[in-house]
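Report on the structure given below.
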Protein chains: 2
Amino acid sequence: MKEDFLLNMGSDGVTDRLKRLSDLFVYQTRDFYRNNGLDIEPNWHMIFRLLQEREKMTVTEIAEAIHHSHPAVIKLINKMKAKGYIDSVQDTEDLRKYYLSLSAKAIQELPKLERYWAALSEALMDLMGNHLRLLEELREVEERFEEMGFNQRAEKILNTNRLPDSPSE
Amino acid sequence: MKEDFLLNMGSDGVTDRLKRLSDLFVYQTRDFYRNNGLDIEPNWHMIFRLLQEREKMTVTEIAEAIHHSHPAVIKLINKMKAKGYIDSVQDTEDLRKYYLSLSAKAIQELPKLERYWAALSEALMDLMGNHLRLLEELREVEERFEEMGFNQRAEKILNTNRLPDSPSE
DNA sequence: ACAATTTACGTAACCAGATACATATATTGA
DNA sequence: TCAATATATGTATCTGGTTACGTAAATTGT
């Protein structure tokens, strides 16, 4: 068990630990796919699920649904298109819009993919100790974030700390 | 309050939510630094802390301490060097090693930086609801990860699911 | 009806991780 | 002692995210 300096940093280490853990999941999921001969990327799962439910969506709608920037969605979708998993059809009324949906190939492969996703899902629950406390804590922070950003909270604290304190330097 | 599809995905959405939250912290911390005229990046904080405690360390030692790859540390350190925050001295006995330490400029700026880090730290506690439950849940998952990777867990589950089930397709 | 604004998609440039590969120096071992 | 192996740093290329900027189409409003 190697030393982990981020643990010493207490809450100040949380940002990096969140990313570090997320990265571990991503890299190992990619490994898992490759070892099992699946030609998909880890972050495509949410797009599959989304388009399974909604049938067709525009780039902007997807970006809003998953709370990511639209360029992030465009890059993701372009790779899925290149592999033939996504169909794109221009809206006849609003020429700016393109409706994205799962291709025939994607739908055909779904049953196979589902089996691997089920294994990943079980492994995840296993790793979380078969409870959802991490999710719950995450949700709490996400909710507070919506009330007021980290940014503004820090700025506010900086100001209140500054006034009663020394006006020096 | 906009819809968030990742919440619908339950535990399958956790990977992306961890990264999404971490990114929010990073981007808003960068904003905070820029608004206050500080010429540093968010992920430099842990390096400052580490070198404050250990005085001097090699790239490899830093990489091990924070559980990142060594190329990640090299990139990070090179940027800090470019801004004059890091000194590098070659070991006289082992010419492969370079001891990294905080520069005079870095040490001189520390008191100023501490005030901003204190504000960020408070803001973080605020956002976490003044408890450390998120950290505790995170720690649990990190520990289980050390016992067995996500990868192997998924592979194992895949195999046990396969045997008693249909050998079809 | 047409100018001004907003919306949708796309691109460029940046940050931050990882793995794979390369090179130089140390260490090991027959 | 010298060949083989291991270690330390560095580079290239991939992933994934962001903001800033650009262009075309739709909507708003006078």
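Below, read A as the first sequence line, B as the second, and so on, with proteins coming before strands; counting in each chain starts at 1.
Residues satisfying the side-chain contact (heavy atoms from CB on, under 4.5 Å) criterion with B:Ile107, sequence neighbours excluded, are B:Leu102. Listed by chain and residue number, nothing satisfies the salt bridge (Lys or Arg N to Asp or Glu O under 4.0 Å) test with B:Asp91 (two or more places apart in sequence, or in another chain). Every residue meeting the side-chain contact (heavy atoms from CB on, under 4.5 Å) condition with A:Leu7, not counting sequence neighbours, appears here in chain and number order: A:Asp4, A:Arg17, B:Arg139, B:Glu142.
Between A:Lys97 and A:Asp16, the residue anchored nearer the 5' end of DNA chain C, judged by the nucleotide with its closest heavy atom, is A:Lys97. Each of A:Tyr99 and A:Asp23 was assigned the nucleotide of DNA chain C with the nearest heavy atom; the assignment lying further toward the 5' end belongs to A:Tyr99.
Atom P of nucleotide C:dC15 and atom CD of B:Gln28 are separated by 19 Å, given to the nearest angstrom. Taking atom CG of B:Asn78 as the reference point, atom C1' of C:dA16 lies 14 Å away to the nearest angstrom. If you measure from atom CG of B:Leu76 to atom C1' of C:dA18, you get 14 Å, rounded to the nearest angstrom. Nucleotide D:dT13 holds its P atom 17 Å from the CD1 atom of B:Ile74, rounded to whole Å. In this structure, A:Leu18 atom CG and C:dG17 atom P are separated by 13 Å, rounded to whole Å. Computed from coordinates, the A:Met46 CE to D:dG17 C1' distance equals 11 Å when rounded to whole Å. As a whole-Å value, the separation of B:His45 NE2 from C:dA16 P is 16 Å. With rounding to whole Å, B:Lys56 atom NZ is found 16 Å from D:dA8 atom P.
Looking at heavy-atom distances under 4.0 Å, B:Lys75 makes contact with a base. As judged by a 4.0 angstrom heavy-atom cut-off over every strand, B:Arg20 is placed among residues making no nucleic acid contact.
Classified by interplanar angle (parallel below 30°, tilted 30° to 60°, perpendicular above 60°), the ring pair B:His45/B:Trp117 is parallel.
Distances were taken from every side-chain heavy atom of A:Tyr27 (C-beta onward) to each of D:dT11, C:dC9, C:dG17; the shortest belongs to C:dG17. Distance from the side chain of A:Arg30 is smallest for D:dG16 among the nucleotides C:dC9, D:dT9, D:dG16. Closest to the side chain of A:Lys19, from the set C:dG17, C:dT11, D:dG16, is C:dG17.
In the region residues 59-73 of chain A, proximity to DNA chain C at under 4.0 angstrom, judged on heavy atoms, holds for A:Val59, A:Thr60, A:His70, A:Pro71.
Looking at B:Glu140 and B:Arg144, a side-chain N of the basic residue comes within less than 4.0 Å of a carboxylate O on the acidic one, giving a salt bridge. Looking at B:Glu155 and A:Arg34, no side-chain N of the basic residue comes within less than 4.0 Å of a carboxylate O on the acidic one, giving no salt bridge.
Side chains of B:Glu109 and B:Tyr85: a donor on one and an acceptor on the other come within 3.5 Å. Using a 3.5 Å distance cut-off with no hydrogens or angles, the side chains of B:Asp87 and B:Ser103 do not pair a donor with an acceptor.
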Please output the side-chain donor-acceptor pairs of residues 64-80 of chain A that fall under 3.5 Å, not counting sequence neighbours, one pair per line with the distance.
residue : atom : partner : partner atom : Å
A:His67 : NE2  : B:Glu3  : O            : 2.7
A:His68 : NE2  : B:Asp16 : OD2          : 2.7
A:Ser69 : OG   : A:Ala72 : N            : 3.4
A:Asn78 : ND2  : A:Ile74 : O            : 3.4

Listing time: all N or O pairs from protein to nucleotides 24-26 of chain C that are below 3.5 Å?
residue : atom : partner : partner atom : Å
C:dT25  : O2   : B:Arg96 : NH1          : 3.2
C:dA26  : OP1  : B:Glu93 : O            : 3.2
C:dA26  : OP1  : B:Leu95 : N            : 2.8
C:dA26  : O4'  : B:Arg96 : NH1          : 3.4
C:dA26  : O4'  : B:Arg96 : NH2          : 3.3

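Looking at every heavy atom in both residues, A:Trp44 comes nearest to A:Asp39 through CZ3-O, 3.7 Å.
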